[in-house]
Peer 1: 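Pasting a structure below so you can have a look.
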2 protein chains.
Amino acid sequence: MAEKVTIYDISKKLKISAATVSRALNNNPKISEKTRELVLKTATEMNYKQNRLAQALKSGRTNNVGVIVPFINRSFFSSVIRGIEEELSPHGYHVIICQTHEDVNNEIKQIDTLLNTQVDGIFMSVAKTTQDTTHIQKALAENTPLVFFDRKKDVKGLSSVVIDDFKGGYLATKHLIEQGCKKIAHFSGDLNVEIYKNRRQGYLKALKDNGITPLKRFSLPVNSKLESGTSAVKDLWKFDEKPDAIFSSSDYAALGAIQELRQMGIKIPEEVCVVGFSNEPFTKYMELPITSVDQTPFEMGKIAAQVFLEQIEGSKTLTIEKKVVLTPELYIRDSSNRKL
Amino acid sequence: MAEKVTIYDISKKLKISAATVSRALNNNPKISEKTRELVLKTATEMNYKQNRLAQALKSGRTNNVGVIVPFINRSFFSSVIRGIEEELSPHGYHVIICQTHEDVNNEIKQIDTLLNTQVDGIFMSVAKTTQDTTHIQKALAENTPLVFFDRKKDVKGLSSVVIDDFKGGYLATKHLIEQGCKKIAHFSGDLNVEIYKNRRQGYLKALKDNGITPLKRFSLPVNSKLESGTSAVKDLWKFDEKPDAIFSSSDYAALGAIQELRQMGIKIPEEVCVVGFSNEPFTKYMELPITSVDQTPFEMGKIAAQVFLEQIEGSKTLTIEKKVVLTPELYIRDSSNRKL
DNA sequence: TAATTTAGTGTAATCGATTACAGCAAAATC
DNA sequence: GATTTTGCTGTAATCGATTACACTAAATTA
């Protein structure tokens, strides 16, 4: 029941050609006012709905975009996706989501199927393990705009929206120094990943700018797990010279560290200040709220979407390569606020 | 460059008809082994990619499904979506996401555009304000399977996957009683929303089953905000007879309550036990981890997807109306664990 | 009045893949 | 040797909307 009504049904009913119906519906100026009104009226009467598939096939535009992320239920990614959706939805685009589970092979597959379904654009945050970029270049080859966000690769012709991780690391470290900390440890993520490398660089620069010589032993890699933070603290506190602050590239590791420090009876922020990264929702809810660097994911999504729109609405031949860098925001909370 | 290769390009190159190419690619048994191999070889050589749009137009199936939720960056919803994606992706489906911002008007629009783009199915959690269901019936009229999850409406012919909110409320309350609590307050959400109503019913039943007469004053509505919990506690503690436990339908309100109670110097769980609902990520990270009812969102998504697959892969004429009810899980943590 | 412009509509091809039907050659049967 | 069957391939219509081009009648101009 409720068979789909096509322009042919309308054309038959009104005894005019389907072309005229199509033109009337598209407000083509060549159509007489009388016919247009008749067609529009009949269309609503018959409950006509445009078949966007047919239109897409003809025009080559689906009004769909794809978003590729490691996991959609990570707070950061879901917020970016929300930003993208809210910016593009008013323009008539739909957002298709894909997960890579941090696996390059999935990334390759996802790009392939997205290109197959003729999405008008792709947004992606690459998997941690991604090195080679030939799968990404495919999008370029097929003339499908691709915009990186957060985790990018340097591919000529592709735009990206990221935060200034260097600055994030710098801000966090500078803040700790301002609190009077001098022996600042750093939990970095996998240094093969650009963002973690940059955060560490920012950390080092801030130390240098303030005449502090970084201790190699104070800089250690963690993953985004609580336990990783607790064991890192254990390692650090084995030595005589203890840190008086921790800047962690992960909020989870920061939380783990805090738990372990409290366990050891160490006062936060009096004895040790702690700063995390990402501004995960839980950081502000803690009894001891954790200072963290916010990556403005919602903003990031919106801006990535805008970059895409610029590209798609600009001339087709011209490819834009835009590199947007957002400034992260430090949310200072009790875990590092000595209230000087 | 890299113009898209069609079956016509292959047919021209091999000097055979496009029909033969199509059949060869689809493993039609009528095609000779020799031709099939030749076509497949040439297809990969020429980097042929099927145009899923054309196929969709012909077959009437897009292999896209839509998911409609209030907000995608809520932990619960993004986890459900992940479940749906991971279940459907292996079957070749893509997931399109839509947000309603808890507004029925958006819901109506979203359903309309999804049906326009010919999705093969729709998953949705209705907005809080939704009463009328005519927009939902449209999907039914167009023969597009629609599966509700979590927040459903009773529409004949539509399936749903929800948790047993009654049981969730019952479990939480029973647990509090087992901890020795006798004066248990309840923070309910908007009682016009089915799930909140059911949780409250569960609460009341547990009290009744244990011979406790519910105090009307102990049951008060909150929204999902921290402040809502703090002010509710203030209200409750104005009276002489204080509660010795709180079962909150919202983790946020539970957290607000805990903060306020601590402010007032009240010991948790010794003097007052607190249980939340939803098992938001932050509940387990707190210094005083919060007991909460888990809604198994990932599971819920997977099962909703399975219900959809059953329906779509079954006979077209037969509509299945399946009502799946998942059992929630109580995660007992320090906020209510008196370690008897 | 004849020639030209203009406004409005129709015809038919197109986007790319699928498939009912037709057709033809080789193999099998009588 | 004639007929039927089998195996494989081609022709053309189809999904629904769009649009270049053609065309007709009315309006305008010469």
Side-chain angles (χ1 to χ4, degrees), chain A residues 2-40 42-43 46-64 92 113 115-120 142-143, chain B residues 2-40 42-43 46-64 92 113 115-120 142-143:
Chain A
E3 282 310 312
K4 302 221 180 74
V5 180
T6 73
I7 51 171
Y8 296 98
D9 298 322
I10 300 180
S11 80
K12 250 179 241 158
K13 180 153 188 182
L14 297 180
K15 296 202 172 68
I16 57 180
S17 76
T20 302
V21 175
S22 171
R23 280 189 276 247
L25 291 170
N26 289 299
N27 288 318
N28 186 311
K30 285 184 175 177
I31 296 296
S32 74
E33 207 45 49
K34 214 174 63 184
T35 315
R36 184 198 322 287
E37 275 169 21
L38 182 64
V39 169
L40 290 177
T42 318
M46 298 177 72
N47 195 29
Y48 166 77
K49 290 285 157 55
Q50 196 189 45
N51 184 325
R52 289 182 71 220
L53 232 52
Q55 195 189 22
L57 177 60
K58 189 80 221 303
S59 68
R61 306 182 72 242
T62 54
N63 280 284
N64 286 151
T113 72
L115 290 175
N116 262 217
T117 50
Q118 325 267 105
V119 290
D120 294 344
E142 296 205 11
N143 238 327
Chain B
E3 282 311 312
K4 303 217 179 77
V5 179
T6 72
I7 52 170
Y8 297 97
D9 299 322
I10 300 179
S11 81
K12 252 178 240 158
K13 180 151 187 183
L14 297 180
K15 297 204 173 65
I16 58 179
S17 77
T20 303
V21 175
S22 171
R23 282 190 275 247
L25 292 170
N26 289 300
N27 287 319
N28 186 310
K30 287 185 174 176
I31 296 296
S32 73
E33 206 46 49
K34 214 173 67 183
T35 314
R36 185 199 320 288
E37 274 169 22
L38 182 63
V39 169
L40 290 177
T42 317
M46 296 177 75
N47 194 31
Y48 166 79
K49 291 285 155 58
Q50 194 187 46
N51 183 328
R52 289 182 69 217
L53 231 51
Q55 196 190 21
L57 177 60
K58 190 79 219 306
S59 67
R61 305 182 74 241
T62 55
N63 280 283
N64 287 151
T113 71
L115 290 176
N116 263 219
T117 50
Q118 326 266 106
V119 289
D120 295 345
E142 297 206 9
N143 239 327

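Because the structure is a prediction, the values reported are computed rather than measured. Note: hydrogens, waters and symmetry copies are ignored here, and every other heavy atom, side chains too, is used. Residue numbers begin at 1 in each chain, while the letters A, B, ... track the order of the sequences.
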Peer 1: In whole angstroms, how far is the P atom of C/dT18 from the CG atom of B/N51?
Peer 2: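 Atom-to-atom, B/N51 to C/dT18, this comes out as 10 Å.
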Peer 1: Using a cut-off of 4.0 Å on non-hydrogen atoms, how would the nucleic acid contact of A/S17 be classed: base, sugar-phosphate, or nothing?
Peer 2: base
Peer 1: Quick check on D/dG10: is either OP1 or OP2 less than 4.0 Å from any side-chain nitrogen or oxygen of B/T20?
Peer 2: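 Result: yes.
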Peer 1: Considering non-hydrogen atoms only, spot the tightest contact between A/L40 and A/A24 and give its length.
Peer 2: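 Nearest heavy atoms, A/L40 then A/A24: CD2-O, 4.4 Å.
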Peer 1: Expressed in angstrom and rounded to an integer, what is the separation of A/K12 atom NZ from C/dG10 atom P?
Peer 2: 15 Å
Peer 1: Between D/dC8 and B/T35, is there an OP1 or OP2 to side-chain N/O distance shorter than 4.0 Å?
Peer 2: no
Peer 1: State, to 0.1 Å, how close B/I7 and B/S22 come at their nearest heavy-atom pair, and which atoms those are.
Peer 2: CD1-CB, 4.3 Å
Peer 1: Using atom CD of A/Q118 as one end and atom P of C/dG16 as the other, report the distance to the nearest whole Å.
Peer 2: 8 Å
Peer 1: Should B/Q50 be listed as having a side-chain N or O under 4.0 Å from OP1 or OP2 of C/dG16?
Peer 2: no
Peer 1: If you find the nucleotide of DNA chain D closest to B/K58 and the one closest to B/A19, which residue's nucleotide is nearer the 5' end?
Peer 2: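 So the residue in question is B/A19.
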Peer 1: Less than 4.0 angstrom between a side-chain N/O of B/S22 and OP1 or OP2 of C/dT18, yes or no?
Peer 2: yes
Peer 1: Below 3.5 Å, does any donor atom in the side chain of A/R23 face an acceptor in the base of C/dG10, or the other way round?
Peer 2: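 Counting by modelled atom types and ignoring angles, a donor-acceptor contact under 3.5 Å is found here.
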Peer 1: Students often get this wrong, so: under 4.0 angstrom with heavy atoms, is A/S59 touching a base, only sugar-phosphate, or nothing?
Peer 2: nothing
Peer 1: Are the side chain of A/N26 and the backbone N or O of A/N28 linked by a donor-acceptor pair below 3.5 Å?
Peer 2: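 No: the side chain of A/N26 does not pair with the backbone of A/N28.
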Peer 1: Would you find a donor on one side and an acceptor on the other, under 3.5 Å apart, between the side chain of B/T42 and the backbone of B/L38?
Peer 2: yes
Peer 1: Considering only side-chain heavy atoms of B/I7, which listed nucleotide, C/dT9, D/dT19, C/dA17, is closest?
Peer 2: C/dA17
Peer 1: Tell me the closest heavy-atom pair linking A/Q50 and B/N116, and the distance in Å.
Peer 2: O-OD1, 3.6 Å
Peer 1: On DNA chain C, compare the nucleotides closest to A/P29 and B/K49; which residue's is nearer the 5' end?
Peer 2: A/P29
Peer 1: With nearest nucleotide decided by heavy atoms, which residue, A/Y8 or A/E33, maps closer to the 5′ end of DNA chain C?
Peer 2: A/E33
Peer 1: Would you kindly give the CG-to-P distance between B/N27 and C/dT19, to the nearest whole Å?
Peer 2: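 Atom CG in B/N27 sits about 13 Å away from atom P in C/dT19.
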Peer 1: How many Å lie between CG on B/N28 and C1' on D/dG7, as a whole number?
Peer 2: 12 Å
Peer 1: Looking at B/N26, does any N or O in its side chain come under 4.0 Å of the phosphate oxygens OP1/OP2 on C/dT18?
Peer 2: yes
Peer 1: With no hydrogens and no angle check, is any side-chain donor or acceptor of B/R23 less than 3.5 Å from a backbone partner on B/I31?
Peer 2: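 No; judged by distance alone, with no hydrogens or angles, the pair does not exist.
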Peer 1: Examine C/dC15: is either OP1 or OP2 under 4.0 Å from a nitrogen or oxygen in the side chain of B/T6? Give yes or no.
Peer 2: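 Looking at the OP1 and OP2 atoms of C/dC15, neither is under 4.0 Å from any side-chain N or O of B/T6.
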Peer 1: In whole Å, I'd like the distance from the CG atom of A/L25 to the C1' atom of D/dG16.
Peer 2: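 Interatomic distance, CG of A/L25 to C1' of D/dG16: 12 Å.
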Peer 1: Starting at NZ of A/K30 and ending at P of D/dC21, how long is that distance when rounded to a whole Å?
Peer 2: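 After rounding, the reported distance stands at 10 Å.
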Peer 1: Taking atom C1' of C/dA17 as reference, at what distance in whole Å does atom CD1 of B/I10 sit?
Peer 2: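 One finds 12 Å between C1' of C/dA17 and CD1 of B/I10, rounded.
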Peer 1: So what does A/I16 touch, heavy atoms closer than 4.0 Å: a base, only the sugar-phosphate, or nothing?
Peer 2: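 Sugar-phosphate contact only - A/I16 comes under 4.0 Å of backbone atoms but never of a base.
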